[in-house]
Amino acid sequence: MEKMIYALLSANTDQKEVISLLAGRKGLSGADLYLVSTAEMAVVACDIKRDDIIANSYNAIEYASVIEMLAQHFTLLPVRFGSVMESTDAILQMLERNLDDIQQNLLKVEKKYEFGLKIFCDSEKLKADLKAKPEAMSKKAETADQEITQSIYRDWVNKKLKEHRLEEMLLTYVDSVIAEIKGHLCMLQAVSKFNKMKTSTMIIDAVFLLDMERKDALIGAVADLQNQHSSLTFVLTGPWPPYNFVDFTVK
Amino acid sequence: MHDNIVDRSKDISILEALDRVLNKGVILTGDVVISIADIDLIYLGVKLMLSSVETMEQLKSGRSIKEIQ
């Protein structure tokens with residue numbers, strides 16, 4: 001029987017409390033959840049047969065809900081869905097081999113929670129707004145016209161240049177929003193990761209790691225940002241276990 | 001105002017949770033992950049993440065999960 005791994009915890013965690021929380025929960029296969037621990041580390045696992053692991057959204061959410069329930073009480077490293085080890089011995093050996101990485105990552109996320117922020121907009125409308133805005137655009141465009149007056153491809157080149165400049169303006173705008181967000185995050189002592197222009201409508205996809213007691217301050221900051229940028233839609237989610245801030249692969 | 005911004009409503013939370021649990025977190029390497037029930041979870045995860053992003057954008061435009069499906 002294989003062991004499905006849910007999360008890694010410090011051995012300093014109150015193991016009696018973990019066991020009592022797990023008592024009412026079942027793993028994916030319907031088997032009991034339990035702790036496997038060494039002197040320094042512990043993992044939450046359940047017995048499972050490979051054939052019982054069906055990778056569908058129901059099972060993934062069930063799996064995530066166990067991690068979330070534990071994360072509400074303890075600092076932990078969430079493990080990706082589908083992580084299975086052959087035996088308890090294999091788990092213990094894995095904990096020994098990866099002790100340093102696990103401890104460092106646990107320290108990094110101790111008593112912290114992850115929040116996600118996605119910012120949406122109609123990028124075509126935003127481009128039109130930016131285009132209509134200051135003189136900068138038209139001045140740049142004039143310069144471009146003069147630069148290529150002699151070219152037979154002037155119209156085509158001008159069109160491409162204008163498109164390129166609009167993209168640049170959009171990126172500059174996105175960077176300015178990110179800078180504003182970072183200004184707020186700095187005060188919250190949050191760690192952050194940003195992705196820009198993930199799709200044409202999702203201009204920013206960010207994750208933050210911060211102390212739980214700063215949650216209300218984060219909400220307030222996002223509310224302020226939303227008020228300042230009425231053409232954007234801010235979607236803040238959380239608190240989540242720190243999925244995006246555990247950056248190591250177990251050996 | 002705050003209630004509108006901290007959107008832990010069911011639809012978006014499920015998509016966000018799926019993105020995280022399938023694509024993030026500690027990774028156990030080796031054949032254990034890849035060979036589970038003959039399903040390549042990494043591939044499944046990427047596909048699911050992409051569809052989640054698309055779905056979220058449709059949710060933003062006011063459509064419910066049922067309408068999208």
Side-chain angles (χ1 to χ4, degrees), chain A residues 2 5 7-8 50-55 57 60-61 63-65 67-68 77-86 90 94 98 102 105 114-116 118 120 198-202 205 207 215-216 219-220 222-223 226-227 233-238 240-246 248-251, chain B:
Chain A
E2 274 101 358
I5 316 292
L8 308 171
R50 281 177 187 264
D51 291 347
D52 289 342
I53 302 172
I54 300 165
S57 58
I61 294 294
Y63 180 88
S65 70
I67 298 173
E68 183 153 343
L77 304 181
V79 175
R80 189 174 296 195
F81 178 83
S83 300
V84 177
M85 301 206 80
E86 290 85 356
M94 177 273 289
N98 295 278
I102 295 172
N105 275 270
E114 179 178 313
F115 290 84
K118 288 181 164 52
F120 298 92
K198 210 165 178 179
T199 71
S200 63
T201 54
M202 191 194 294
D205 183 12
V207 284
K215 175 188 157 192
D216 287 342
I219 294 168
V222 174
Q226 176 69 87
N227 288 335
T233 303
F234 288 65
V235 178
L236 180 64
T237 62
W240 299 100
Y243 285 98
N244 282 282
F245 295 91
V246 286
F248 75 102
T249 299
V250 169
K251 300 182 275 269
Chain B
M1 186 66 184
H2 285 183
D3 289 342
N4 293 333
I5 289 177
V6 179
D7 199 333
R8 296 235 48 194
S9 66
K10 203 172 154 192
D11 293 346
I12 288 181
S13 287
I14 287 172
L15 296 175
E16 286 273 281
L18 285 174
D19 273 352
R20 281 174 168 77
V21 79
L22 293 175
N23 298 297
K24 309 290 178 185
V26 178
I27 304 165
L28 298 181
T29 52
D31 61 347
V32 278
V33 175
I34 302 300
S35 64
I36 293 166
D38 297 327
I39 294 171
D40 185 337
L41 273 174
I42 293 170
Y43 179 62
L44 177 76
V46 170
K47 272 176 66 182
L48 214 141
M49 184 183 73
L50 292 175
S51 73
S52 298
V53 169
E54 286 165 11
T55 311
M56 185 171 284
E57 287 177 4
Q58 294 184 58
L59 283 172
K60 185 212 156 217
S61 67
R63 298 176 68 196
S64 71
I65 281 276
K66 277 185 183 167
E67 286 174 307
I68 293 165
Q69 287 169 341

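Chain letters run A, B, ... following the sequence lines, proteins first and then strands; every chain starts at 1.
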Toward chain B, the part of A/E2 with a non-hydrogen atom under 4.5 Å: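 Contact with chain B: none, neither part.
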Under 4.5 Å heavy-atom distance to chain B, tell me which part of A/I102 shows up: side chain, backbone, both or neither.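 Contact with chain B involves no heavy atom of A/I102 at all.
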Which pair of heavy atoms, one from A/V246 and one from B/V26, lies closest together, and at what distance?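 For A/V246 versus B/V26, the nearest heavy atoms are CG2-N, 3.7 Å.
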Which pair of non-hydrogen atoms, one from A/A60 and one from B/L22, has the smallest distance, and what is that distance?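 Looks like CB-CD2, 4.3 Å.
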Nearest 0.5 Å, please: how far is CG in B/L18 from OH in A/Y63?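 It is 13.5 Å, given to the nearest 0.5 Å.
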State the CZ-CZ distance between A/R80 and B/R20, to the nearest 0.5 angstrom.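 Reported value, rounded in 0.5 Å steps: 13.0 Å.
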